[in-house]
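The structure appears below as structure tokens.
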Amino acid sequence: MALAAGTRVSSRALLRPWALLRGATIRRTEPAAGGGDSARRFGTQRVLVEPDAAAGVAVMKFKNPPVNSLSLELLTEFIISLEKLENDKTFRGVILTSDCPGVFSAGLDLREMCGKNPAHYAEYWKAVQELWLRLYLSNLVLIAAINGACPAGGCLISLTCDYRILADNPKYLMGLNETLLGIVAPFWFKDTLVNTIGHRASEQALQLGLLFLPAEALQVGLVDQVVPEDQVLSTALSVMARWMAIPDHARQLTKNMMRKTTVDRLVKQRDADIQNFVSFISRDSIQKSLQMYLEKLKQKKG
Amino acid sequence: MALAAGTRVSSRALLRPWALLRGATIRRTEPAAGGGDSARRFGTQRVLVEPDAAAGVAVMKFKNPPVNSLSLELLTEFIISLEKLENDKTFRGVILTSDCPGVFSAGLDLREMCGKNPAHYAEYWKAVQELWLRLYLSNLVLIAAINGACPAGGCLISLTCDYRILADNPKYLMGLNETLLGIVAPFWFKDTLVNTIGHRASEQALQLGLLFLPAEALQVGLVDQVVPEDQVLSTALSVMARWMAIPDHARQLTKNMMRKTTVDRLVKQRDADIQNFVSFISRDSIQKSLQMYLEKLKQKKG
Amino acid sequence: MALAAGTRVSSRALLRPWALLRGATIRRTEPAAGGGDSARRFGTQRVLVEPDAAAGVAVMKFKNPPVNSLSLELLTEFIISLEKLENDKTFRGVILTSDCPGVFSAGLDLREMCGKNPAHYAEYWKAVQELWLRLYLSNLVLIAAINGACPAGGCLISLTCDYRILADNPKYLMGLNETLLGIVAPFWFKDTLVNTIGHRASEQALQLGLLFLPAEALQVGLVDQVVPEDQVLSTALSVMARWMAIPDHARQLTKNMMRKTTVDRLVKQRDADIQNFVSFISRDSIQKSLQMYLEKLKQKKG
């Protein structure tokens, strides 16, 4: 018999791994109405983790109001929470989603890049790199349940996942829109995008800083599914079940084989990439333009 | 006049190479009903070759029942038959298809990887590599007429072809489903898939061990055409006519330019790749899992 | 506030850069009917340049009748005109189009490759390389308004642009059809195509020398839009407005990041590539086949 001889003798269901999960459902771990179940939640102040140990799945919710900016604190807590789940054999899959209505994550925090000193910029950029490196080669199955706008760094986070589900809401635009602010996505943002939607679509999206509507995001391959807003999490849980049907070791080696070359490109020049960022962001022209942008945002809020 | 100035003066037919073959039909070389024509067939026990010398095309049929497992014998005979056609100036194109109902090829033969010694595993793997190397850079036009299920190694063979036609039968699933068995597709299987369907689709297909239905295979680009089952071979012959309209030398250099980088990646580390395979397959855990799988298949047959 | 926090507070219009150009229209600089405005045109004999300094855009029209063959003269004038615009801070975008009815450009000029001496072939090939190098990494926004047939070298020119609009006319076939003449597209033609339509589509298109109908060209990603013939230029101007809404510096760095690896591949082996071309084109068999082709074209015209 051959490697996949099963295709002949087994029913088609056998060939569709998710069909193997006979009726398995992954229980959601929302605290009970009475609130007595809160011990089952853990995480940090800005990263809520709702574990379902029985299913081996955790839901990780960003909570850095109002727009889940990737501040140094959020990045640090995110990395710690991820590492914790990665090292806990109980968990095989994590769903990333937002606790802030209307925004998955607005991306990098401009306040970390403006009016600070070079050492701070370097520390901040190292944390951004660290998060990407850990996410993109994570041994966990990562699924993005994108329940809000998803620009720039928010988009990057979702692109590191194994699967992306976007809520069907025309306000939830998604893309690497850095050029709109006069800045440039780093090469590893670009590599992650090219791996997802190909060279030509990336070239155009990155140059124009395109933010895609849900239907467009699906069309170009930025996300794998668009579903009604109230079905984002439940869809993520069903999709997770399919991924959990695959033997971990084989899946992890396969993921590594697909992504390691891309990761190595940053690993080999991590310090140079930090230096690039620090010297770029420290320029007077960039600082001025960021400052003006922040002022404008403050006025709008005021 | 410029290189392609002909586009202006010639009719559109001139620009479509297959239109140049005025009514040319490639005769099939099935032995006549009386059977007296058997001299026109050649090949080996497990690889039937039906040559049409006048057309310059041969149909190569795998015959290793029940499921065309890629045993060491089949691989060896396949390589010999291919080399023979490659060296015979009479032939410019080969159609690969199956003589076993319902299966194109079930892929690598688990019995060659289970309960044998390391020297055998190494010999087997070298033959798998050899086949891929010869197919992927073949000077012949290769067309896969996929008239049955096409998982794992069977899928790989079809991916090395210049064109793939799949019979429209929901039982004929196709894909690199290695992870379903707890094993990992080698990097050159992965490279061949990425060259065909791109990075993102490959990443998902390989991790989930996806087997695609014909319509899905067409959609993702795994095959170029899906046709009714009884038209697979005739379609392959028509498509072959298009490819034969191109001057061989230019076409071969172009194919080499597209694929050489991918081939070189294996050539540079062929021994290391064999060692990897031998040490992976020799693991107790892998041997046990393959043994259990083979037992199960035997029971199903019994 | 985060890098792209604006997604929440701003209207969707803000996220679509072209919406920022409130009613901006780019004036066309056709000479007035009276012809008194001819000072506003510049360029060379074979490359007309119609500048709109106020808009920062120039329309560049190839005029080398009958089919805009890329003769050494046309290449030279094209390079000079491009360099002039590139160095003139007034201009940020250029639209490439044809002044010859029915043909964008028929591609390389066979007469430059036939019956001349090796030094001439080398000079010619160096000019072809030079044009590609300058176009593919141009700091200008380049948009191809493809108003005619677009084979071989004509197709290559359009592929170096940032955006391609093709007139919806079934005579306007487009593709790298070199194999049809028994020659092979150079590796950097191939790289440019792969960057545009991916590996698999390129492999097939290049081997078969496919020339795509407008709808097929759109489908495979060879062009970004197909529009009625009389709207090609106006569409190009509207699209240009979107691209001009992006800060130049960020856009240019992004373009460079996307394309530099591809360009470097030729830069590193430019002389070897010239030698390859000269020795290939000098072969008796190739010279004979080109000569026969040229004869046939002459007879057809006669």
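All chains are named by letter (A, B, ...) in the order of the sequence lines, taking the proteins before the strands, and each is independently numbered beginning at 1.
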Open item on the list: With rounding to the nearest 0.5 angstrom, report the CG to CE distance, C:Leu206 to B:Met257.
Closed with: 5.5 Å
Open item on the list: Nearest 0.5 Å, please: how far is CG in C:Leu180 from CD1 in B:Ile246?
Closed with: 5.0 Å
- [ ] Rounded to the nearest 0.5 Å, what's the gap from OG1 on B:Thr254 to CD on C:Gln204? Could you check?
- [x] 13.0 Å
Open item on the list: Contact between B:Gln252 and C:Gln207 at the side-chain level, heavy atoms closer than 4.5 Å - yes or no?
Closed with: no
Open item on the list: Are there over 12 heavy-atom neighbours, none belonging to C:Lys116, within less than 6.0 Å of that residue's NZ?
Closed with: yes
TODO: With rounding to the nearest 0.5 Å, note down the distance linking CD1 in C:Ile183 to CG in B:Leu253.
DONE: 11.5 Å
TODO: Using a cut-off of under 4.5 Å on heavy-atom pairs, state which of B:Ile197, B:Thr196, B:Val194 scores highest against chain C.
DONE: B:Thr196
- [ ] Indicate yes or no for a side-chain donor-acceptor contact from C:His199 to the backbone of B:Met258 under 3.5 Å, with no hydrogens or angles considered.
- [x] yes
TODO: State, to 0.1 Å, how close B:Pro247 and C:Gly182 come at their nearest heavy-atom pair, and which atoms those are.
DONE: CG-CA, 3.9 Å
Open item on the list: Other residues, nucleotides and ligands only: do more than 12 of their heavy atoms fall within 6.0 Å of CD on B:Glu229?
Closed with: yes
- [ ] Select one option (side chain, backbone, both, neither) describing which atoms of C:Ser105 are under 4.5 Å from chain B's heavy atoms.
- [x] neither
TODO: Would you name the heavy atoms of C:Glu203 and B:Tyr136 that are closest together and state the gap between them?
DONE: OE2-OH, 4.3 Å
Open item on the list: Can you tell me if B:Gln269 has over 12 outside heavy atoms packed within less than 6.0 Å of its CD?
Closed with: yes
Open item on the list: Does any backbone or side-chain atom of B:Asp224 lie under 4.5 Å from a heavy atom of chain C? Answer side chain, backbone, both or neither.
Closed with: side chain
- [ ] Evaluate whether atom CG of C:Asp284 has more than 12 neighbouring non-hydrogen atoms of other residues, nucleotides or ligands under 6.0 angstrom away.
- [x] no
Task: Toward chain B, the part of C:Pro186 with a non-hydrogen atom under 4.5 Å - done: backbone
